[in-house]
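Only one structure is covered here, and it is reproduced in the block below.
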Amino acid sequence: MANVTYQKDILKDKVAVVTGGTSNGGLGTATAFHLAELGAKVYTLGLKADETTIPNVLDVEAIEMDVTDEEKIEKFFSDLTQLDILFNGAGVNMPDQYKYDTYKKVMDINANSAFHISNLARPLLAKSDIASIINVSSMYAIFGSDMAPAYSASKGAIGQITKSLAIEYADEGIRVNAVAPGWIDTPLMDSLPEGQAETIIERTPMKRLGKPEEVGQAVAFFCTPAASFVTGAILPIDGAYSLF
Ligand SMILES: NC(=O)c1ccc[n+]([C@@H]2O[C@H](COP(=O)([O-])OP(=O)(O)OC[C@H]3O[C@@H](n4cnc5c(N)ncnc54)[C@H](O)[C@@H]3O)[C@@H](O)[C@H]2O)c1
């Protein structure tokens, strides 16, 4: 559970959907929990939803959902009656991204689904007085990576989707922003080769990994009145890793 920076009930009576919010220790899950701590009802959509450990004081419902299953995702949004916050956090990084099938799969999960889901969420968000979409980019959007070309392309696409939708949705009062986490200590880090975490920490000016709840706190900022004129922004959360 995060330290709470904001007024505890600031998201009372608000509804949030968090994709990629089903991984114990993941940053989507930490974000979901933080939005719930601030009073929101939160639906987390992702894989292995039945394994998510949800603190029983929070109003969080984990739903098994593949974000690339268009029919199922369209049904979910057509059944929903209120939406104030959408966090597009579902994401994967996988081996063999020079295989075209793998490339397309990563693009579908990380970027194309965020575009599709944002459009499905638009009509309900347009009725909210705090409507906010938060996407998840990455420092790979800045650097690119020979080891992860699809992941890098998907995170670059997220940046441009964020900016494009921020302009398109502005008239309807829907703000669209992104976070660009650096190296955050989540299960995704388990796939790193041995010793790489130490190398990353040494290269990070703040000399540590980020914590999932530090992403959740930044996402909460975008959902509060403190960010009421902030849209189209991409916020690095990386201890200054991306500055050089
Ligand atoms: N951990 C980091 O250092 C870091 C850095 C930058 C960006 N990110 C991004 O943050 C997001 C969350 O990553 P994490 O570190 O919490 O990883 P994680 O592996 O802990 O969580 C990933 C989440 O995405 C879900 N998911 C994967 N494929 C899906 C699919 N097809 N349909 C629905 N859900 C799916 C999983 O079920 C899980 O809930 C991802 O977009 C990732 O790219 C992470």
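Ligands are counted one by one from 1 in listed order, and the atoms in each one are counted from 1 as well. All values derive from a computational prediction rather than experimental measurement.
- Looking at Pro181 next to ligand 1, no N or O pair under 3.5 Å apart turns up.
- At a threshold of 4.0 Å, the pair Glu168-Arg122 counts as salt-bridged, since one of the basic side-chain nitrogens sits closer than that to a carboxylate oxygen.
- Interface of Val92 with ligand 1, defined as ligand atoms under 4.0 Å from a residue heavy atom, comprises 27 (C), 28 (N).
- Salt bridge status for Lys8 with Glu37: absent, with no side-chain N to carboxylate O gap under 4.0 Å.
- A salt bridge does not link Lys72 to Glu64: none of the charged nitrogens lies less than 4.0 Å from a carboxylate oxygen.
- With contacts defined as side-chain heavy-atom distances shorter than 4.5 Å, the pair Phe33/Leu58 qualifies.
- Every N/O-N/O distance between Asn110 and ligand 1 stays at or above 3.5 Å.
- Counted within 6.0 Å of CE on Met189, heavy atoms from surrounding residues, nucleotides or ligands total more than 12; the atom is thus considered enclosed.
- Shown in contact with Trp183 at under 4.0 Å from a heavy atom are these atoms of ligand 1, numbered in order with element: 3 (O).
- Interface atoms of ligand 1 facing Gly26, defined by a heavy-atom separation under 4.0 Å, are 16 (O), 20 (O).
- With 3.5 Å as the limit, one finds a donor-acceptor pair spanning the side chains of Thr5 and Gln217.
- The closest non-hydrogen atom to atom 37 (O) of ligand 1, taken over Ile184, Leu209, Leu47, Asp238, comes from Leu47.
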Worked check of salt bridge (Lys or Arg N to Asp or Glu O under 4.0 Å) between Lys105 and Asp101: CA-CA 6 Å; Lys105 188 168 183 187; Asp101 279 350; over 6 Å; no
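- Lys99 and Asp96 are joined by a salt bridge, as a carboxylate oxygen and a charged side-chain nitrogen come within less than 4.0 angstrom of each other.
- The shortest N or O to N or O distance between Leu27 and ligand 1 is under 3.5 Å.
- Salt bridge present: Lys41 and Glu61 bring a charged side-chain N and a carboxylate O closer than 4.0 Å.
- The shell of residues lying under 4.0 angstrom from ligand 1, judged by heavy atoms, includes Val136.
- With ligand atoms numbered from 1 in the order given, ligand 1 contributes 22 (C), 24 (O), 27 (C), 40 (C), 41 (O) to contacts under 4.0 Å with heavy atoms of Gly91.
- Arg175 forms no cation-pi arrangement with Phe222, by the criterion of a distance under 6.0 Å to the ring centre and an angle within 45° of the ring axis.
- With contacts defined as side-chain heavy-atom distances shorter than 4.5 Å, the pair Thr231/Lys163 does not qualify.
- Among the atoms of Thr22, some N or O lies under 3.5 angstrom from an N or O of ligand 1.
- In terms of polar-atom proximity, Ile109 is not counted as a contact of ligand 1, lacking any N or O under 3.5 Å from an N or O of the ligand.
- Looking only at heavy atoms of the protein, atom 19 (O) of ligand 1 is closest to Leu188 CD1, 3.6 Å.
- Closest to atom 38 (C) of ligand 1, if we only count protein heavy atoms, is Ser23 CB, 3.7 Å.
- Asp108 and Ser113 form no side-chain donor-acceptor contact under 3.5 Å, judged by distance and modelled atom types alone.
- Residue Ser138 places no N or O, backbone or side chain, under 3.5 Å from any N or O of ligand 1.
- Scanning Ser137, Gly25, Gly20 for the heavy atom closest to atom 23 (C) of ligand 1 points to Gly20.
- If you look at Tyr140 next to ligand 1, there are no close heavy atoms at all, none under 4.0 Å.
- Residues Ser132 and Leu86 form no side-chain contact, since every pair of their non-hydrogen atoms from C-beta on lies 4.5 Å or further apart.
- Remark: ligand 1 atoms within the under-4.0 Å shell around heavy atoms of Gly89 are 11 (C), 12 (C), 40 (C), 41 (O).
- In this structure, atom 34 (N) of ligand 1 lies nearest to the protein heavy atom Gly46 CA, 3.5 Å.
- At a heavy-atom distance under 4.0 Å, no atom of Met139 approaches ligand 1.
- Near Gly21, with a cut-off below 4.0 Å to any heavy atom, the atoms of ligand 1 are 39 (O).
- Nearest protein heavy-atom neighbour of atom 33 (C) of ligand 1: Met65 O, 3.1 Å.
- The closest approach between Gly182 and ligand 1 falls below 4.0 Å for a heavy atom of the residue.
- Looking from atom 43 (O) of ligand 1 to the surrounding protein, the closest heavy atom is Tyr151 OH, 2.6 Å.
- Distances from ligand 1 to the non-hydrogen atoms of Asp66 include at least one value under 4.0 Å.
- For ligand 1, the atoms sitting less than 4.0 Å from at least one non-hydrogen atom of Ala90 are 24 (O), 34 (N), 35 (C), 41 (O), numbered in the order shown with element in parentheses.
- Atoms of ligand 1 found under 4.0 Å from any heavy atom of Thr186, numbered from 1 in the order shown, are 1 (N), 14 (P), 15 (O).
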Working for side-chain hydrogen bond (donor to acceptor under 3.5 Å, both in side chains), residues Asn119 and Tyr169: CA-CA 10 Å; Asn119 283 321; Tyr169 293 0; 2.6 Å; yes
